[in-house]
Protein chains: 2
Amino acid sequence: MNKSLRPADPEMIAADLALAIHEHRLAPGTKLSEDEVAEIYGVSRTQIRAALQKLAHDRLVELKRNRGAYVAQPSVREAREVFEARALLEPRTARSAAERITDDDLAALQRHIDEEHAAIREGEAGRALYLSGQFHLEIARIADQATIAEFITQLVARSSLIIALYWQRRGALCESHAHHALMRAFAARDGVLAEDLMRGHLLDLVSSLDLRNRSSAPASLREALSG
Amino acid sequence: MNKSLRPADPEMIAADLALAIHEHRLAPGTKLSEDEVAEIYGVSRTQIRAALQKLAHDRLVELKRNRGAYVAQPSVREAREVFEARALLEPRTARSAAERITDDDLAALQRHIDEEHAAIREGEAGRALYLSGQFHLEIARIADQATIAEFITQLVARSSLIIALYWQRRGALCESHAHHALMRAFAARDGVLAEDLMRGHLLDLVSSLDLRNRSSAPASLREALSG
DNA sequence: TAAAACAGGATTGTATACGATTGTGTCGAC
DNA sequence: GTCGACACAATCGTATACAATCCTGTTTTA
């Protein structure tokens, strides 16, 4: 993990782990042993437990009593629900954002997109995915809705896990197209258009997933042995 | 606190504290000393810390570093945001619920309302408020959206704190009227009506609050000494 | 007299030690 | 040979002890 900048407190450790999950450096189902993680960050288990609890609350890790913490493996059901929630929250939030966006915000969003492109060009798929999520989060921030932004933070992170499990398309380019279109709507301060684009973008995302029912828990193994 | 049924693990302790906050037995700003709470529940500080962390994540308590845990005092800003979020989530969820509700669900909802009335009749305002929140939560459960239901759980609990701080109307009767109307929409399986009623109900709630700007943090004290 | 520095007490932050539970591997019986 | 029981190892759950921090009341100084 990130031994370079060594986080000291549980909050930073949780953030670091969350980033690793978000960037697909930690795969769903990976066991996060308390002792092991504690040694990596150079702190006691106490702080690791706090960090894992926070991540468990955000549904990024699953805490199995007396058995340890594992990176979550969202079920197909949960995947649908996460995007249902995003569909309720994000379009209207995008509309609010478009109606109150400043020039500074626009510039910041553009820098975001540029970073995302750079990551894609350099083949850093994980980082690109993370930045793509941050784009959605930034919109909530621009809409000046901290509470909704928190929910979206969580939903975006969970979406990253869902993508790790159920993504079926090859190119991730569709993403940046959608984000570009949104940018134009924001630049034009067209709230209604932004709302529609965001709604469509989220639908595109879901339809890029393979959410046919299959046993959720063992996921890959069960799938591998059924054919 | 509830010494009668003594919760053993952090999760139950957190639930018990959350209930106390929800029912206005614990006022906003109340200090929750670790030692004190630990003695009440007959466990060590370790478990209390875990419970408080969970409540802090749900924004029901505020954790001040090296200073302790306090029952949260949502600012006016936060109050608005909470109801903004509810306005995005609940109406559509009510619609889904109305379109898929079963007769058993209807009966359960009716029992909920009856309990709420009973609590009001017996002057248990706190319990009535809690049950009123549970009504909203039950709708998300009926809509079969566990993820959204979790968000609503949190928002409803925070709303209870907001009501404790900013409620200005005398009678809480308007509540049950709205819930009755919703019941009728559910019974008729009228999703569009349910959505509209829920939207209106939430707007009514906000307009029953006194959200004029004032210093948020000291709230009661500052308010009390200013006149 | 008022303000600032200091000391004492109380409360939280962190680490560590011990007990409990679970998973696994081996041995024995049928 | 297979199934079941037992024991061991590993990991988590909880309590407790100690260190760090903050608040409060007192003392000192300008």
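In what follows, chains are A, B, ... by sequence order, proteins preceding strands, each numbered from 1.
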Exercise. Is the closest basic N to carboxylate O distance between D144(B) and R80(A) below 4.0 Å?
Worked result: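 No, this pair does not count.
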
For this session: Would you mind checking if R127(A) and E122(A) are paired as a salt bridge, meaning a charged N to carboxylate O distance below 4.0 Å?
Result: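 Looking at E122(A) and R127(A), the cut-off is not met.
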
Expressed in angstrom and rounded to an integer, what is the separation of [X] atom [atom1] from [N] atom [atom2]?
X      : N       : atom1 : atom2 : value
D35(A) : dA17(C) : CG    : P     : 13 Å
Q53(B) : dT14(C) : CD    : C1'   : 13 Å
N66(B) : dA19(D) : CG    : P     : 16 Å
E39(B) : dT12(C) : CD    : P     : 13 Å
R45(A) : dT14(C) : CZ    : C1'   : 13 Å
Y41(B) : dA15(D) : OH    : P     : 15 Å
M12(B) : dG13(D) : CE    : P     : 16 Å
I48(A) : dC12(D) : CD1   : P     : 11 Å

Below 4.0 angstrom from OP1 or OP2 of [N], is there any side-chain N or O of [X]?
X      : N       : result
R65(A) : dG13(D) : no
R49(B) : dG13(C) : yes
Q47(B) : dA15(D) : yes

Exercise. Counting any heavy atom closer than 4.0 Å, what does K64(A) reach on the DNA or RNA strands: base, sugar-phosphate only, or nothing?
Worked result: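 If one applies the 4.0 Å heavy-atom cut-off, K64(A) turns out to touch nothing in the nucleic acid.
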
For this session: When you get a sec, tell me which of dT16(D), dT16(C), dC12(D) is the closest nucleotide to the side chain of E34(A)?
Result: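 Per side-chain heavy atoms of E34(A), the pick is dC12(D).
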
For this session: Please confirm whether any donor atom in the side chain of R67(B) sits under 3.5 Å from an acceptor in the base of dG13(C), or the reverse.
Result: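 Between dG13(C) and R67(B), which were checked side chain against base, a qualifying N/O pair under 3.5 Å is absent.
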
Exercise. Among side-chain atoms of R158(B) and Q154(B), is any donor-acceptor pair under 3.5 angstrom?
Worked result: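 Yes, side-chain donor-acceptor contact under 3.5 Å.
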
Exercise. According to the interplanar angle, ranging from 0 to 90°, do the rings of F135(B) and H112(B) count as parallel (below 30°), tilted (30 to 60°) or perpendicular (above 60°)?
Worked result: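 Because their plane-to-plane angle is over 60°, the rings of F135(B) and H112(B) count as perpendicular.
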
For this session: Compare all side-chain heavy atoms of L60(B) with those of H22(B) and state whether any distance is below 4.5 angstrom.
Result: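 Contact flag for L60(B)/H22(B) side chains = no.
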
